[in-house]
Asker: 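The structure is given below, and queries will be raised subsequently.
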Amino acid sequence: MNARETRILSQRPRNTAAQWLAVTVLALFCGVAAFAFAPGTTLPAPPSTVIVRSLPLPSLAPLDSGAASHYRREGRIERGDTIGSVLSRLDVSDPGALAFLTTDPSARALYQLRPGRSLRVETDADGTLFELRFLTGTGDLLTIARSGETLSSTRTPAPVEVRWNVAAGEIRSSLFGAADAAGLPDAVTLQLAEVFAADIDFFKDLQRGDRFAVVYEMRYVDGEPAGAGRIVAAEFDNRGKIRQAFLFRDVDGSENYYGADGTAMRRTFLRSPMEFSRVTSGFSNARFHPILQTWRAHRGVDYAAPMGTPVRATGSGTVAFVGQQGGYGNVVILQHQGAFSTVYAHLSRFAARLHKGARVSQGDVVAYVGQTGWATGPHLHYEFRVAGVQRDPLTLAALPGGDPLPAARRPAFAARIEPAVAQIALARRFQGASFATLE
C-alpha cells in the first residue's frame, strides 16, 4: 500500500453533522417501521355483506363399469392450432382417428378451429379416441364416436341451456364504454338502448355518473356460451330518475316490456329516429340557412351521422310519401294513428320494398342517411307533425303512451318478474360487477 492510499484510508470524515443527520433520519424511519398502531386507533374494517343462495345440486348417476378406464378431457382452441396439435395437447394418440378426422367429409367442420372454442375428447389410458364433441360455427353439435374399430360422426341440433347473467355499470364516458367495462355483450347494450329509447336519448340525455343494471339471457351449449338472448329486466338511473323495465312473455307468445306497475315501456313514438346520433341543428323559429344564406325557421331536428346510417321509424304507421320533394331531397313521410305524422329527409336511399301505403312498425328501418336536397353534409332532417304542424320532438312531453298491461294479467306479471326484481336489486349492490345465475 502506498502512502497516498494510507492517507486516504486514515482520513476522518469532515462532514460530521451531515453524517449524524443521516443516521438520525435512518433511525427515525426504522423506528416508525417497527412500531404498531396504538390500541383503539386501527382503521375500521370495510363493510361486508353475506349473501346466501340455494343452488340445485346436480343429479348423480352410477359410473358405467365399461367406461371406468376412460378419461375425459377438454381443451381450448388456441391461435394457430391444427387438429393434430389440439389432439396431442389432450393426450390423444390415435393415428387412425386423426386420419378419419382429416379426411372424412362429415368431420369437415373441425377444420374451422376458432380460437376460444372448446373441444372435448374421451380416451382410454393408451390415448385411443372413443368420443369427440365439438360445437360447430353453425351451432350444431358434432360428435365423433367409436364403435369397435369404426369411427362415425353425427351432427345434431345442440341442446341449449338458458341462464340469466347479471351486469351493472356506471357511465364514465359513453354507454358502450360502461357496458364493455361491465362485460355486457354489444347485442345486449343495443337492447338496453332500445328498451328505454322512448324515455332516454342515449346521446343527448346521458351524463357522467348515470348507472344501469341488467339481467339478460345467455344461451349455453355443452357448457359453452352460444350468444346472448333477450333482456329480462333492466334498471337505468338517468340524471337521478330511476326507470325499470321487465320482460313479460304472455301465454299467447307475445313479448313486451313494462314497468313494475304494468306501465308500457314502448311508447307510441321513440325519442330519436337513430339509435346513436348527434343533434347538429335543433328546432328553431330563426336559423341562418347555410345554403340560402338567409334567416328562416327550422321546423325540425338535424342529426349528424355517417352516410348510409340506418334511419328507423319512430312510430308505427303507413307510408304516405316516398320519393323526392324539393329541398328535402329523398324523403319519407309516415302517417301515424290520429293526427301524428313524421318526416325523414335528405336520405341517400330507401329501405327495400318501401312504397306508398306500406305498413311499417316502430323501429323498422325505412331509409338511410344521405346528403340529398338542400344539405351541406350527410345528416338526417327529422320532423314531428301534429295535424300538419311541426312540433319540437325533443321538448314535446305529451307523446302518447303505449297500452298498459291489462288488469287481469297483473298478478301473473308480478309473479313472473319477482325473481328478476331480486336480481336487479343484487346487481345494484354490486355496481360494476358481472356474474351469472340460474333462472
Side-chain angles (χ1 to χ4, degrees), residues 171-181 184-208 210 212 228 238 269-284 287-292 298-315 317 319 321-334 342-355 358 360-384 390 392-394:
I171 305 297
R172 294 297 181 183
S173 58
S174 68
L175 175 62
F176 272 98
D180 287 343
L184 206 62
D186 287 348
V188 178
T189 307
L190 291 172
Q191 286 186 55
L192 181 64
E194 182 180 349
V195 168
F196 293 106
D199 298 308
I200 303 173
D201 184 329
F202 279 89
F203 188 92
K204 181 177 68 71
D205 294 340
L206 289 189
Q207 67 178 13
R208 186 182 179 90
D210 286 354
F212 63 85
N238 174 233
F269 291 96
L270 302 175
R271 282 290 177 189
S272 172
M274 286 185 286
E275 291 174 340
F276 298 97
S277 186
R278 177 169 57 92
V279 174
T280 55
S281 185
F283 193 95
S284 173
R287 185 196 70 159
F288 188 76
H289 198 285
I291 293 180
L292 301 179
H298 185 248
R299 301 294 190 181
V301 177
D302 289 351
Y303 292 89
M307 186 78 73
T309 301
V311 176
R312 59 184 182 174
T314 55
V319 177
F321 181 88
V322 54
Q324 291 188 336
Q325 197 177 93
Y328 283 127
N330 291 334
V331 61
V332 173
I333 301 177
L334 301 181
T342 53
V343 179
Y344 312 81
H346 305 318
L347 308 167
S348 60
R349 58 190 176 94
F350 307 111
R353 296 181 296 278
L354 193 74
H355 58 87
V360 295
S361 298
Q362 184 184 78
D364 285 352
V365 173
V366 295
Y368 300 86
V369 170
Q371 192 181 338
T372 57
W374 294 348
T376 58
H379 73 280
L380 170 72
H381 175 81
Y382 172 66
E383 294 182 9
F384 186 89
Q390 295 98 332
D392 188 352
L394 300 182

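The figures here come from the full heavy-atom set of this structure, side chains too, leaving out hydrogens, waters and symmetry mates. Note that this is a predicted model, so its numbers are computed, not measured.
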Asker: If you compare all heavy atoms of Gly363 against all heavy atoms of Arg312, which two are closest, and at what distance to 0.1 Å?
Answerer: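 Smallest interatomic distance, heavy atoms only, reads O-CB, 3.6 Å.
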
Asker: Just verifying a value: how many Å separate Leu206 CG and Ile171 CD1, rounded to the nearest 0.5 Å?
Answerer: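 Between Leu206 CG and Ile171 CD1, I get 5.5 Å after rounding to 0.5 Å.
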
Asker: Within this structure, what is the NE2-NE2 distance for the pair His346 and His381, rounded to the nearest 0.5 Å?
Answerer: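 Between His346 NE2 and His381 NE2, I get 6.0 Å after rounding to 0.5 Å.
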
Asker: Do Phe212 and Phe196 have ring centres separated by under 6.0 Å?
Answerer: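 No, they do not, as the ring centres are separated by 6.0 Å or more.
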
Asker: What pair of heavy atoms forms the shortest contact from Phe350 to Val332, and how long is it?
Answerer: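 Answer, listing the atom of Phe350 first, then Val332: CD2-CG2, 3.5 Å.
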
Asker: List the atom of Val360, the atom of Ala313, and the distance in Å for their closest heavy-atom pair.
Answerer: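 Taking Val360 first and Ala313 second, the nearest heavy atoms are CG2-CB, 4.3 Å.
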
Asker: Scan side-chain atoms only and decide if Tyr303 and Thr309 contain a donor-acceptor pair under the 3.5 Å cut-off.
Answerer: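 Short answer, no.
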
Asker: Given side chains that start at C-beta, do those of Leu334 and Val319 come closer than 4.5 Å, heavy atoms only?
Answerer: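 Touching, per the 4.5 Å side-chain cut-off.
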
Asker: Partners of Ser361 by side-chain contact (heavy atoms from CB on, under 4.5 Å), sequence neighbours excluded?
Answerer: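 side-chain contact (heavy atoms from CB on, under 4.5 Å) list for Ser361, sorted by chain: Ser316, Asp364.
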
Asker: Taking all atoms of both residues into account, what is the closest heavy-atom pair of Ala304 and His379, and its distance?
Answerer: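 Heavy atoms only, the tightest pair is CA-CB, 4.1 Å.
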
Asker: Can you see which heavy atom on Tyr368 is nearest to which on Gly308, and at what distance?
Answerer: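 Heavy atoms of Tyr368 and Gly308 come nearest at CD2-O, 3.3 Å.
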
Asker: If we ignore hydrogens and angles and just use 3.5 Å, is the side chain of Asn238 paired with the main-chain N or O of Ile200 as donor and acceptor?
Answerer: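 No: the side chain of Asn238 does not pair with the backbone of Ile200.
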
Asker: Would you compute the distance between atom CG of Asn330 and atom OG1 of Thr372 and round it to the nearest 0.5 angstrom?
Answerer: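 Here the rounded value is 4.0 Å.
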
Asker: Run the side chain to side chain contact (heavy atoms under 4.5 Å, CB included) check on Leu380 and Asp302 step by step: do they pass?
Answerer: CA-CA 6 Å; Leu380 170 72; Asp302 289 351; over 6 Å; no

Asker: Hey, could you give me the CG/CD distance between Leu347 and Gln324, rounded to the nearest 0.5 Å?
Answerer: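 Here the interatomic distance stands at 10.5 Å.
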
Asker: Which pair of non-hydrogen atoms, one from Ala228 and one from Val188, has the smallest distance, and what is that distance?
Answerer: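 Minimum heavy-atom contact is CB-CG2, 3.6 Å.
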
Asker: When rounded to the nearest 0.5 angstrom, what is the spacing between CG in Leu192 and CG in Leu184?
Answerer: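 Rounded to the nearest 0.5 Å, the CG-CG separation comes to 7.0 Å.
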
Asker: Under the side-chain hydrogen bond (donor to acceptor under 3.5 Å, both in side chains) test, which residues partner Arg349, sequence neighbours left out?
Answerer: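 Testing Arg349 for side-chain hydrogen bond (donor to acceptor under 3.5 Å, both in side chains), a comparison that skips the adjacent residues, returns none.
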
Asker: Got a list of side-chain donor-acceptor pairs under 3.5 Å for residues 172-179, not counting sequence neighbours?
Answerer:
residue, atom, partner, partner atom, Å
Arg172, NH1, Glu170, OE2, 3.4
Arg172, NH2, Glu170, OE2, 3.2
Ser174, OG, Gly177, N, 3.1

Asker: Let me confirm one number: the OG1-CD distance from Thr376 to Gln371, rounded to the nearest 0.5 Å.
Answerer: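 The CD atom of Gln371 is 7.0 Å from OG1 of Thr376, to the nearest 0.5 Å.
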
Asker: If you measure only the distance, is there a donor-acceptor pair under 3.5 Å linking the side chains of Tyr344 and Thr314?
Answerer: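 Yes, because at least one side-chain N or O of Tyr344 sits under 3.5 Å from a partner of the opposite role on Thr314.
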
